[in-house]
Amino acid sequence: DSVLSDTFTVMSDQKLQLPNLPEISLAGILDSELQGYLATQLAKYIRDPSVRAQALLSVQVSGDVGKPGFYSIRTDTPVTDVVMNAGGPSQNAEMDKIELRRGSTTVVHRGGIQTAIQKQLTMSDIGARSGDELYVPTKPGTSRWQKLAAITASVMGIVWAVAYLTN
């Protein structure tokens, strides 16, 4: 059915709504069971369904990275790849102090993230959930004002050198 040949998103209530079919509850279904479970459920309505299911997380990457923001990632994405998807850490990032936060609570502390990075663990391995924040702190003494001052000084030096060389 061409109506069902598309990408569908599971709603926040853990239900999947497909066109012309009843809702399918995914509450309690493990990522590893998702594809088989959906195939079984869809077989009630469709003969020999072909199902490809991919579990995704929406996580916020914040702090001292190139492109902080929200990212939809596969649950099997390594922690290092999540940081790199966000533009990678800056030169002033404290990679040994990254934390996974859920609201105001830190759920994976610095040492745990360091272990995850060293062992190439995935976001699923560290227990990440949609809505979590991967926070990359800045080294002390490297505020945004200091970065701006360094960039301004560099630009002014270039302008001065060009002006000097053209006279």
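Side-chain atoms are counted along with the backbone in the values below, which use heavy atoms only and exclude waters and symmetry mates.
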Inset, instruction - Compare all side-chain heavy atoms of Val59 with those of Met123 and state whether any distance is below 4.5 angstrom. - result: yes

Legend entry - Between OG on residue Ser124 and CG on residue Leu57, distance to nearest 0.5 Å: 7.5 Å

Legend entry - Interatomic spacing from CG in Leu30 to OH in Tyr37 - rounded to 0.5 Å: 12.0 Å

Inset, instruction - For residues Ile113 and Leu100, determine if any side-chain heavy atom of one lies less than 4.5 Å from a side-chain heavy atom of the other. - result: yes

Legend entry - Distance in Å, Ile24 CD1 paired with Lys15 NZ, rounded so as to fall on 0.5 Å steps: 12.0 Å

Inset, instruction - Kindly indicate whether the side chain of Val61, heavy atoms from C-beta on, has any atom under 4.5 Å from the side chain of Pro68. - result: no

Legend entry - Gln60 side chain to Phe70 backbone, donor-acceptor under 3.5 Å: no

Inset, instruction - For the pair Thr105 (side chain) and Val107 (backbone), establish whether a donor and an acceptor sit closer than 3.5 Å, ignoring hydrogens and angles. - result: no

Inset, instruction - State plainly whether the residues Lys139 and Glu94 are in salt-bridge range, i.e. N to O under 4.0 Å. - result: no

Legend entry - Option among Gln118, Met95, Gln120 that satisfies the side chain to side chain contact (heavy atoms under 4.5 Å, CB included) test with Thr80: Gln120

Inset, instruction - Could you grab the distance from atom OG1 of Thr77 to atom CE of Met84, nearest 0.5 Å is fine? - result: 14.0 Å

Legend entry - Check: Thr115 side chain, Gly111 main-chain N or O, donor-acceptor pair, under 3.5 Å: yes

Inset, instruction - Please indicate whether Asp13 has more than 12 foreign heavy atoms, meaning atoms of other residues, nucleotides or ligands, lying under 6.0 Å from its CG. - result: yes

Inset, instruction - Test side chain to side chain contact (heavy atoms under 4.5 Å, CB included) on Thr75 and Leu56 and set out the steps. - result: CA-CA 5 Å; Thr75 56; Leu56 299 176; over 6 Å; no

Inset, instruction - Dump the intermediate steps for side chain to side chain contact (heavy atoms under 4.5 Å, CB included) on Tyr135 and Ile98, then the final yes or no. - result: CA-CA 6 Å; Tyr135 174 69; Ile98 297 176; over 6 Å; no

Inset, instruction - Take Phe8 and Leu16 through the test side chain to side chain contact (heavy atoms under 4.5 Å, CB included) and record every step on the way to the result. - result: CA-CA 8 Å; Phe8 299 97; Leu16 179 62; 3.7 Å; yes

Inset, instruction - Ignoring hydrogens and angles, tell me if any N or O in the side chain of Gln17 forms a donor-acceptor pair with the backbone of Leu21 under 3.5 Å. - result: yes

Legend entry - Residue that, paired with Val79, satisfies side chain to side chain contact (heavy atoms under 4.5 Å, CB included) out of Asp125, Thr122, Leu134: Leu134

